[in-house]
Amino acid sequence: MNITYSVVAPVYNEIAILPEFYRRVKEVMDSTGEAWELVLVDDGCTDGSTEKMRELAEIDKHVRPVIFARNFGHQIAVTAGLDYSRGDAVIVIDADLQDPPEFILKLAEKWREGYEVVYAVRAERAGESWFKKFTAALFYRIIYRITDVEIPLDTGDFRLLDRKVVNVMNSMRERHRFLRGMASWVGFKQIGVDYKRAARHAGETKYPLRKMLRLALNAVTSFSYFPLQVATYVGFAAAGLAILAIPIVIYMRMTGSQAFFGQATTLISVLFLGGVQLISLGVLGEYIGRLYDEAKGRPLYIVSEAPED
Ligand code: UDP
Ligand code: MG
């Protein structure tokens, strides 16, 4: 069977939302009149979402659950969804209805016009704390500044990808994934469409600060060497300062000035440089840890139940 649209949604303990999500996706996708599938990736759910997905798959052949052996995280879950998708166009969407399924029609329209990556830009975000909005806005802007890839601002993973793009992305098996960056990196004909991001339909965010920081670190390390270069810049600055200080201090000694002497100045400069060195080591460590993970070459995820074809 030839499938036109694959809708890919990662699911992590979303039992409060799943039936409504399925209902709205089905309504929208049926209205296209094309063949479609809904790939639900169960990212280690423990709240009965798994059973619900099996049930949905039982009554509706459009639904194809991919069930993970444990929680692997949002980006990996989406990756698995892309791996299992079969459509000519793949739509990545959150299962919590923050991304309105009805907007898929708009994305599909642009795809029909010939665009190969159609990403949804969050022109407005409802029902999120100022902290989330502020950190998100800051994050997108820092990433934009320090990476070499043109990653669009205020754009999450809600997007439509042409089969060509999906195939390229599926061949990129890096483990610390930042899919938005990868989708920009591949090139092709891209366009953004504005949408209003809704509030979560029910339940709580599955992205605590810890996971947000992880994602931010993955984004930076995957697409930039800037943090590694900071040590070089600070090193040059500190060395330059020291060289400048030598003649000044000699001059002061000769003229009998008492400025700059004493423990406090020594302590401050030693602690400052010690701190900078430790931070640089930590930055190195981040990159080396990622290298090590890649070298181990473990599978990106473990599936305990794959959909039947
Ligand atoms: N999610 C997931 N694994 C995780 C965390 C989240 O599959 O470890 C899913 C979650 O079920 C939802 C989507 O990723 O469909 C986005 O998560 P969430 O809405 O909690 O993030 P937020 O919108 O608050 O940033
Ligand atoms: Mg959400």
Side-chain angles (χ1 to χ4, degrees), residues 6-25 38-53 56 63-85 90-101 103-104 119-140 143 154-159 175-180 195-219 300-305:
S6 296
V7 179
V8 166
V11 179
Y12 183 46
N13 294 342
E14 305 284 15
I15 189 69
I17 294 168
L18 213 50
E20 177 65 8
F21 174 71
Y22 162 71
R23 193 190 63 74
R24 276 174 65 182
V25 169
L38 172 60
V39 181
L40 292 171
V41 184
D42 175 338
D43 190 10
C45 296
T46 51
D47 68 341
S49 301
T50 316
E51 289 68 30
K52 186 78 212 168
M53 281 182 236
L56 289 174
V63 180
R64 302 174 69 223
V66 179
I67 296 166
F68 276 4
R70 64 167 168 86
N71 180 257
F72 281 90
H74 169 246
Q75 299 285 301
I76 299 288
V78 173
T79 303
L82 295 180
D83 287 340
Y84 280 93
S85 71
V90 180
I91 298 106
V92 177
I93 188 169
D94 281 357
D96 62 354
L97 292 171
Q98 279 197 287
D99 308 327
F103 200 74
I104 293 175
Y119 51 87
V121 185
R122 299 164 176 174
E124 247 184 88
R125 312 171 68 125
E128 282 177 304
S129 66
W130 67 267
F131 180 75
K132 177 97 183 190
K133 284 189 212 167
F134 174 74
T135 48
L138 190 72
F139 165 69
Y140 288 119
I143 295 295
D154 302 318
T155 302
D157 286 315
F158 185 25
R159 61 183 71 217
R175 60 227 35 246
H176 298 278
R177 301 171 86 77
F178 185 58
L179 293 167
R180 299 155 218 193
Y195 82 114
K196 184 170 180 295
R197 188 158 160 90
R200 205 169 218 289
H201 183 67
E204 309 228 301
T205 173
K206 308 298 180 306
Y207 253 97
L209 189 62
R210 180 177 47 84
K211 281 190 183 174
M212 270 162 57
L213 284 176
R214 270 282 114 202
L215 182 70
L217 264 178
N218 287 343
L300 287 184
Y301 53 83
I302 300 160
V303 170
S304 77
E305 238 176 277

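Note that ligands are numbered from 1 as they come in the structure, with each ligand's atoms numbered from 1 the same way. No experiment lies behind these values; they were computed from the predicted model shown.
- At a 4.0 Å heavy-atom cut-off, ligand 1 does not touch Val41 at all.
- In this structure the side chain of Pro65 never reaches within 4.5 angstrom of the side chain of Glu305, judged on heavy atoms.
- Checking each of Tyr207, Tyr301, Tyr12 against His74 for a ring-ring contact (aromatic ring centres under 6.0 Å, His included) leaves exactly one that passes, namely Tyr207.
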Worked check of side-chain contact (heavy atoms from CB on, under 4.5 Å) between Phe158 and Ile91
CA-CA 7 Å; Phe158 185 25; Ile91 298 106; 4.1 Å; yes
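- Nearest non-hydrogen protein atom to atom 21 (O) of ligand 1 is Tyr207 CD1, 3.3 Å.
- Counting atoms of ligand 1 from 1 in the listed order, those under 4.0 Å from a heavy atom of Lys211 are 4 (C), 5 (C), 8 (O).
- Closest to atom 16 (C) of ligand 1, if we only count protein heavy atoms, is Asp94 OD2, 3.3 Å.
- Looking at Asp43 against ligand 1, only its side chain comes within 4.0 Å, counting heavy atoms.
- Of all N, O or S atoms in Asp96, the one lying closest to the Mg ion (ligand 2) is OD2.
- Those atoms of ligand 1 with a heavy atom of Val11 less than 4.0 angstrom away are 7 (O), 11 (O).
- Shortest contact from atom 24 (O) of ligand 1 to any protein heavy atom: Thr205 OG1, 2.6 Å.
- Protein heavy atom nearest atom 14 (O) of ligand 1, with residue, atom name and distance: His74 CD2, 3.0 Å.
- Ligand 1 has an N or O atom lying under 3.5 Å from an N or O atom of Pro10, backbone or side chain.
- Residue Met212 places every heavy atom at 4.0 Å or more from ligand 1.
- Looking only at distances, no side-chain donor or acceptor of Arg122 sits under 3.5 Å from a matching main-chain atom of Glu124.
- Remark: ligand 1 atoms within the under-4.0 Å shell around heavy atoms of Ala95 are 15 (O).
- Judged by the shortest distance from any of its heavy atoms, Arg197 lies inside the 4.0 Å radius around the atoms of ligand 1.
- Atoms of ligand 1 lying under 4.0 Å from at least one heavy atom of Gln98, given by number and element, are 19 (O), 22 (P), 23 (O).
- Interface of Lys206 with ligand 1, defined as ligand atoms under 4.0 Å from a residue heavy atom, comprises 5 (C), 6 (C), 18 (P), 20 (O).
- Which of Lys132, Glu204, Arg200 comes nearest to atom 22 (P) of ligand 1 through a heavy atom is settled by distance: it is Lys132.
- Side chain of Asp96 to main chain of Gln98: a donor-acceptor pair is present (N/O by atom type, distance under 3.5 Å, no hydrogens or angles).
- Panel note: side chain Asn218, backbone His176; no donor-acceptor pair is recorded below 3.5 Å.
- Between Phe103 and Tyr195, the gap from one ring centroid to the other is short of 6.0 Å.
- In this structure, Asp157 and Gln75 have side chains that are in contact, with non-hydrogen atoms separated by less than 4.5 Å.
- Shown are Asp43, Asp42, Asn13; of these, the side-chain hydrogen bond (donor to acceptor under 3.5 Å, both in side chains) with Asn71 is made only by Asp43.
- With a cut-off of 2.8 Å, the Mg ion (ligand 2) has an N, O or S atom of Gln98 in range.
- Remark: the backbone N or O of Ile15 is paired with a side-chain donor or acceptor of Asp47 at under 3.5 angstrom.
- With a 4.0 Å cut-off on non-hydrogen atoms, Glu14 touches ligand 1 through its side chain and not its backbone.
- Among all non-hydrogen protein atoms, the one lying nearest atom 1 (N) of ligand 1 is Tyr12 CB, 3.7 Å.
- Cation-pi check for Arg70 over Phe68 is not met; the charged atom does not lie both under 6.0 angstrom from the ring centroid and within 45 degrees of its normal.
- Listed by number with element, the atoms of ligand 1 under 4.0 Å from a non-hydrogen atom of Asp96 are 19 (O), 23 (O).
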Would you check, one step at a time, whether the test salt bridge (Lys or Arg N to Asp or Glu O under 4.0 Å) holds for Lys206 with Glu14?
CA-CA 9 Å; Lys206 308 298 180 306; Glu14 305 284 15; 3.3 Å; yes
